[in-house]
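Below, chain A is the first sequence line, B the second, and so on; all start at residue 1. It should be emphasised that the depicted structure is a prediction, and the values quoted were computed from it without experimental measurement.
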Protein chains: 2
Amino acid sequence: MGKKVLVIEDDQELGTQIVKRLRDAGYEPTWWKEGRRLSRETLPDVELVVLDLMLPGTYGMDLLKDLRVFSEVPVLVLSARNDTADKVRALRLGADDYMTKPFWPEELVERVRARLRRPTLGRGEVVEVGALRIDRGRREVSVRGGRVEVTRLEFELLAALAERPGEAMTRSSLAERVLDPERDGTERTLDVHVSRLRKKLGCGAFVETVWGIGYRLGDGRDE
Amino acid sequence: MGKKVLVIEDDQELGTQIVKRLRDAGYEPTWWKEGRRLSRETLPDVELVVLDLMLPGTYGMDLLKDLRVFSEVPVLVLSARNDTADKVRALRLGADDYMTKPFWPEELVERVRARLRRPTLGRGEVVEVGALRIDRGRREVSVRGGRVEVTRLEFELLAALAERPGEAMTRSSLAERVLDPERDGTERTLDVHVSRLRKKLGCGAFVETVWGIGYRLGDGRDE
DNA sequence: CGGAAATCTTACGAATTCCTTACGTCCCGG
DNA sequence: CCGGGACGTAAGGAATTCGTAAGATTTCCG
């Protein structure tokens, strides 16, 4: 059973072509011939999205932005505009690749393959480590069933760590992922948030310090 | 401390440009101005490789093929050839992206960012030698299942040795890899850390002395 | 066996890294 | 206009790490 791919493409001919090639390559494409409103509920359970930016009515870039609010699914963007500014914008919004039309379907398939080659880890909605539970969908955290109120940034921090439970992450990578690069958040800032988080979680061992490196998500068994 | 990126690019001007942009974006680029033989030993510890396919003498595609034998590091390929067959070949060989020259450096940076946004997987390999276990991802060391607390530098030392278990490494190469060149760590310093490590591991035979040369990772069966 | 070189071990001080608290700012809802 | 929460920064003090020195021990080699 191939991996599921959502293709959002209004052009009949191109869409047919893409879907056929993907199917030949062993994937299971779903074809949306128009840009629909994307939400957690409407997004099908797919492992990758091929998104044409030039959809009538909707602006594909907005779809991408919406999508990234609730999902980390890889997105391969198609566009007729071979314009660096556009590419940069799309990639900044979280696109994983950007192809300029016209292109050979074969290349598209290979780029899809390249994206799906690497397994997505810990990107699932819910991550559970020990007594700690992190629900990305609901943006909720609970310990031993009891809900814990955390701030946006604290949640981001936990979610970042939860992507690879048990693996050490450097401060710099955490900062890059969690802090706003604009607002000069220094790496010291992370310490403060970690500190607050530990207090809220009621157990310091959920976020372990890796001395000289950064932090790591633990199961809270120590301590 | 940004993520390390290896740039393999013979063109002086383009290389300068790329390196500068990457540095501005907060990465730590290393620039190879020629295609060198790639092996587990010669590949620096980087999180991504930018590889120009059109290198004089060597054919970049071969480098890519070699690389994939022993490493899963993401590769972004540059090429002057805007040719689907070439793109497909590179992607099939394990490239993660393919950019056609000329391009705007800004786009390159964004594509690098897009690749590194997702946590690299397949890293954090675990090395086991005898009863010794070294987990690069978790940054943990254990002996016969029992966790052993080691300092950052001690871990680096072990990890360096573990790259070639059983093979002797000179003090100088270990120092280069493990010590901070800034802070004048003399090679004598290594002895001290080896000593501390042996005590922590509870068995001196895991790190064997190679008289007049340096050290070697052993399985701990001696002694 | 003896001496020189290489290595081991220990102790200690300096530097780094980390945690916590306190405080000021910004933004939002009332 | 007034709270209150979220967040960044600063600062102290605690904990950890690391380099160096110095003396002990081992290895090599004649």
Side-chain angles (χ1 to χ4, degrees), chain A residues 139-141 148-161 168-216 218 222-223, chain B residues 1 139-141 147-161 168-172 174-218 222-223:
Chain A
R139 288 189 88 83
E140 273 180 7
V141 177
V148 176
E149 294 291 341
V150 295
T151 70
R152 180 189 61 82
L153 211 145
E154 283 158 8
F155 184 84
E156 297 291 346
L157 195 51
L158 261 189
L161 288 167
M169 293 190 70
T170 64
R171 276 191 172 66
S172 59
S173 67
L174 282 172
E176 187 182 344
R177 158 97 195 246
V178 166
L179 298 178
D180 188 347
E182 312 288 307
R183 299 240 211 108
D184 276 348
T186 146
E187 291 186 0
R188 284 299 106 234
T189 305
L190 289 177
D191 301 359
V192 178
H193 290 292
V194 166
S195 174
R196 299 205 252 245
L197 201 41
R198 279 170 174 156
K199 200 192 293 180
K200 283 187 181 179
L201 297 180
C203 165
F206 285 126
V207 181
E208 301 175 7
T209 300
V210 184
W211 221 92
I213 301 294
Y215 296 99
R216 166 174 60 186
D222 290 341
E223 177 180 280
Chain B
M1 183 165 51
R139 285 196 151 254
E140 266 181 12
V141 177
R147 170 115 165 247
V148 177
E149 295 289 342
V150 295
T151 71
R152 183 185 60 81
L153 209 145
E154 284 158 9
F155 183 86
E156 298 289 348
L157 196 51
L158 260 190
L161 288 168
M169 293 190 70
T170 64
R171 276 192 173 66
S172 61
L174 281 173
E176 188 181 346
R177 156 104 192 239
V178 164
L179 297 179
D180 189 347
E182 313 285 309
R183 293 205 285 162
D184 277 347
T186 143
E187 291 186 2
R188 284 300 102 232
T189 304
L190 289 178
D191 301 359
V192 178
H193 291 292
V194 166
S195 171
R196 298 204 257 243
L197 203 40
R198 279 170 174 155
K199 195 197 292 181
K200 284 186 180 179
L201 297 180
C203 166
F206 284 126
V207 181
E208 301 175 5
T209 301
V210 183
W211 217 87
I213 302 293
Y215 297 98
R216 165 175 56 190
L217 193 66
D222 290 341
E223 177 180 279

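- The pair B/E154-B/R198 fails the salt-bridge criterion, with no side-chain N (NZ, NE, NH1 or NH2) lying under 4.0 Å from an Asp/Glu carboxylate O.
- Rounded to whole Å, atom C1' of C/dT16 lies 13 Å from atom CD1 of A/I213.
- Straight-line distance from the CG atom of B/L197 to the P atom of C/dT10: 14 Å, rounded to whole Å.
- In B/E187, the CD atom is crowded: over 12 heavy atoms of neighbouring residues, nucleotides or ligands sit closer than 6.0 Å.
- Using a 4.0 Å heavy-atom criterion, one finds that A/R196 contacts the bases of the nucleic acid, with or without backbone contacts as well.
- As a whole-Å value, the separation of B/L153 CG from C/dT17 P is 12 Å.
- The side chain of A/R198 lies closest to C/dC19 when the candidates are C/dA11, C/dT21, C/dC19.
- One can place CD of A/E156 at 12 Å from P of D/dG8, the figure rounded to the nearest angstrom.
- Taking atom CG of A/L190 as the reference point, atom P of C/dT20 lies 15 Å away to the nearest angstrom.
- Here the shortest heavy-atom pairing between A/K200 and A/V148 reads O-CG1, 3.7 Å.
- Among the atoms of the strands shown, only primed sugar atoms or phosphate atoms (P, OP1, OP2) are found under 4.0 Å from some heavy atom of A/R152.
- Taking only side-chain nitrogens and oxygens, A/R171 never comes nearer than 4.0 Å to OP1 or OP2 of C/dT17.
- Contact check, A/H193 against D/dG8: a side-chain N or O comes under 4.0 Å of OP1 or OP2.
- OP1 and OP2 of D/dG19 both lie 4.0 Å or more from every side-chain N or O belonging to B/T186.
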- Query: In B/S/- notation, 5' to 3', how is nucleotides 25-30 of chain D contacted by protein heavy atoms closer than 4.0 Å?
  - Reply: --SS--

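- In this structure, the CD atom of B/E187 is 15 Å from the P atom of D/dA21, given to the nearest Å.
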- Task: Walk me through it: do B/R171 and B/Y215 pass the test side-chain contact (heavy atoms from CB on, under 4.5 Å)?
- Result: CA-CA 7 Å; B/R171 276 192 173 66; B/Y215 297 98; 3.1 Å; yes

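- Put simply, A/K199 has no side-chain N or O that comes within less than 4.0 Å of OP1 or OP2 on C/dC19.
- Between B/R188 and the phosphate of D/dT20, there is no side-chain N or O to OP1/OP2 separation shorter than 4.0 Å.
- At the phosphate of C/dT20, OP1 or OP2 sits under 4.0 Å from a side-chain N or O atom of A/S195.
- Nucleic acid contact for A/Y215: sugar-phosphate only, since backbone atoms but no base atoms lie under 4.0 Å from a heavy atom of the residue.
- Going from atom CG of B/L174 over to atom P of D/dC18 covers 15 Å, rounded to whole Å.
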- Query: Yes or no on side-chain contact (heavy atoms from CB on, under 4.5 Å) for B/L201 and B/V141, after CA distance, side-chain angles and deciding distance?
  - Reply: CA-CA 9 Å; B/L201 297 180; B/V141 177; 3.9 Å; yes

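- Between B/T189 and D/dC18, a side-chain N or O to OP1/OP2 separation shorter than 4.0 Å is absent.
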- Go through the steps for A/T186 and A/L179 under the test side-chain contact (heavy atoms from CB on, under 4.5 Å), then give the verdict. CA-CA 8 Å; A/T186 146; A/L179 298 178; over 6 Å; no

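- As judged by a 4.0 angstrom heavy-atom cut-off over every strand, B/V194 is placed among residues making no nucleic acid contact.
- B/R139 has its CZ atom 14 Å from the C1' atom of D/dT17, to the nearest Å.
- Taken from CG in B/L153 to NE2 in B/H193, the straight-line distance is 4.5 Å, to the nearest 0.5 Å.
- Taken to the nearest 0.5 Å, the CG atom of A/L158 stands 10.0 Å off from the CZ atom of A/F206.
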